[in-house]
Amino acid sequence: MLDVVQTPLKSLIARRRPGYTLEAPFYTSPQILQTDLDLIFGHHWIYVGVEPDVPEPGDVMVVDIGANSVLIVRDDDLGVKAFHNVCRHRGARLVHEPKTTVGNLVCGYHQWTYNLEGKLVHADHMGKDFDPGCHGLKPVHLRSLAGLLFICLSDDPPADFDEMAAVMTPYIAPHDIANCKVIHQSDLIELGNWKLTMENNRECYHCSANHPELTIPLFAYGFGFSPDSVDETELKQAQRYEQMVCDLGAQWEADGLPSREVDRLDDMVTGYRTQRLPIDRDGESQTIDTKVASKKLLGQFTNSKLGGLSFWTQPNSWHHFMSDHIVTFSVIPLDAERTLLRTKWLVHKDAVEGVDYDLENVIGVWVATNDQDGTLVGWAQAGARSQAYEPGPYSPYTEMLVDKFCNWYIGRLNALLPR
Ligand code: 3BY
Ligand code: FES
Ligand code: FE
């Protein structure tokens, strides 16, 4: 079996064959996982949650990425800030719960106290020469893209976030994340490398055989079909789909909702892609009956048939925005062979459970789909461990975006590894 000690990472990168899955160590090696944490998760914009995770001043959310723990805090001026979850006295972890609400951030060890701006406001017994001004919490770069929160652990974050934000804000802003609430979060641990979780997300080749719930609202043709193998019925379906994309797209654009595909997955440091796609069966939302699951539509929407706006980012997220609810996914590696898939569901903040929406109906499609995807990722990981594993070919019709993910990943490692 390939070993990163015998085959250095740089050789593995140099001999990567485009159009093919990665070599096994990229999925199994603890050393490469550490490199991924340092170079990919440490130097790019990582999607961590939404503004409604911390709606009120003093609300705090903790996000752990490898050895780093980060506090996302809503301050008194209603801004959102991020800090390392590390006390500046002797380094203790400050906040231990995933979410909490505080007046100040008080370290449990010796009670050093920081305000919501990260400033040290109280430290007993430190003597007259001690300067509290030099001992504030260490900030982490944070950006909100229309309510989606991204952090960057590097001191020098990729500048092209602004370019992505300028393109994406008109797509996402109408869904008005600021006036949503998180009604459910699921933390699923998938038994596979984080890149297998991402690769699985970037194709729907597996959908018809594995996602009975998702294939009801989702138009499989949005994710490609092969022109040389379709029969008459499939061809007609595909043409009907293309026509719908055209007609509905024009209607959405006329209503001020940008819908056209933008694909910058492999030519930006902050790679991303978006597209608003019709929902099948004349549908409204990603639900089992394809109807809206929440009666209170988002933002100023009055039309429930807005399809699904999808937004995918490198290295770790994807999102689906509908007229009535939003589903958002972040991927965080736990170790070489385990990955956290964190999913959040949002509805209008005034929607009342049992009156405007039924929780099971909102979350049903993606709870089932995530579970099925987790199994598939586990299968892929099990294979990557075998001596029989070798890189296999991606379909040029349905797995182009998987290849783009791998190209982006290899390109970024290449750019960031010391010469
Ligand atoms: O959620 C997604 O974007 C992808 C594409 C279709 C299936 N899937 C999990
Ligand atoms: Fe935090 Fe001492 S380590 S107050
Ligand atoms: Fe899937």
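Counting convention: from 1, in listed order, for ligands and their atoms alike.
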So, 2.8 Å as the limit: is an N/O/S atom of Cys207 located closer than that to the Fe ion (ligand 3)? no
Closer than 4.0 Å to some heavy atom of Arg90 - which atoms of ligand 2 meet that? 3 (S)
Proximal ligand 2 atoms for Tyr109, defined as those under 4.0 Å from one of its heavy atoms: 2 (Fe), 3 (S)
If only side-chain N and O atoms count, and only distance matters, is there a donor-acceptor pair under 3.5 Å linking Gln185 with Thr343? no
For atom 2 (Fe) of ligand 2, angle spanned by His89 ND1 and His110 ND1 (nearest 10°) is 90°
Please determine if Arg74 and Asp59 form a salt bridge, counting it only when a charged side-chain N lies under 4.0 Å from a carboxylate O. no
Electrostatic pair Lys295:Asp324 at N-O distance under 4.0 angstrom: no
Flag the pair Asp403 and Arg16 as a salt bridge only when some basic side-chain nitrogen lies within less than 4.0 angstrom of an acidic carboxylate oxygen. yes
Looking at Arg15 and Glu23, does any basic side-chain N land under 4.0 Å from a carboxylate oxygen? yes
Any salt bridge between Glu232 and Lys236, counting N to O under 4.0 Å? yes
Any salt bridge linking Glu261 with Arg276? Criterion: basic side-chain nitrogen under 4.0 Å from a carboxylate oxygen. no
Which of the numbered atoms in ligand 2 are below 4.0 angstrom from a heavy atom of Ala92? 3 (S)
Answer yes or no as to whether an N/O/S atom of Cys87 is found below 2.8 Å from atom 1 (Fe) of ligand 2. yes
In terms of atom number and element, which parts of ligand 2 are under 4.0 angstrom from non-hydrogen atoms of Cys107? 1 (Fe), 3 (S), 4 (S)
The atoms of ligand 2 lying under 4.0 Å from a heavy atom of Trp112, numbered in the order shown, are 4 (S)
Name whichever N, O or S atom of Asp373 ends up nearest to the Fe ion (ligand 3). OD1
Do any of the N, O or S atoms of His206 sit under 2.8 Å from the Fe ion (ligand 3)? yes
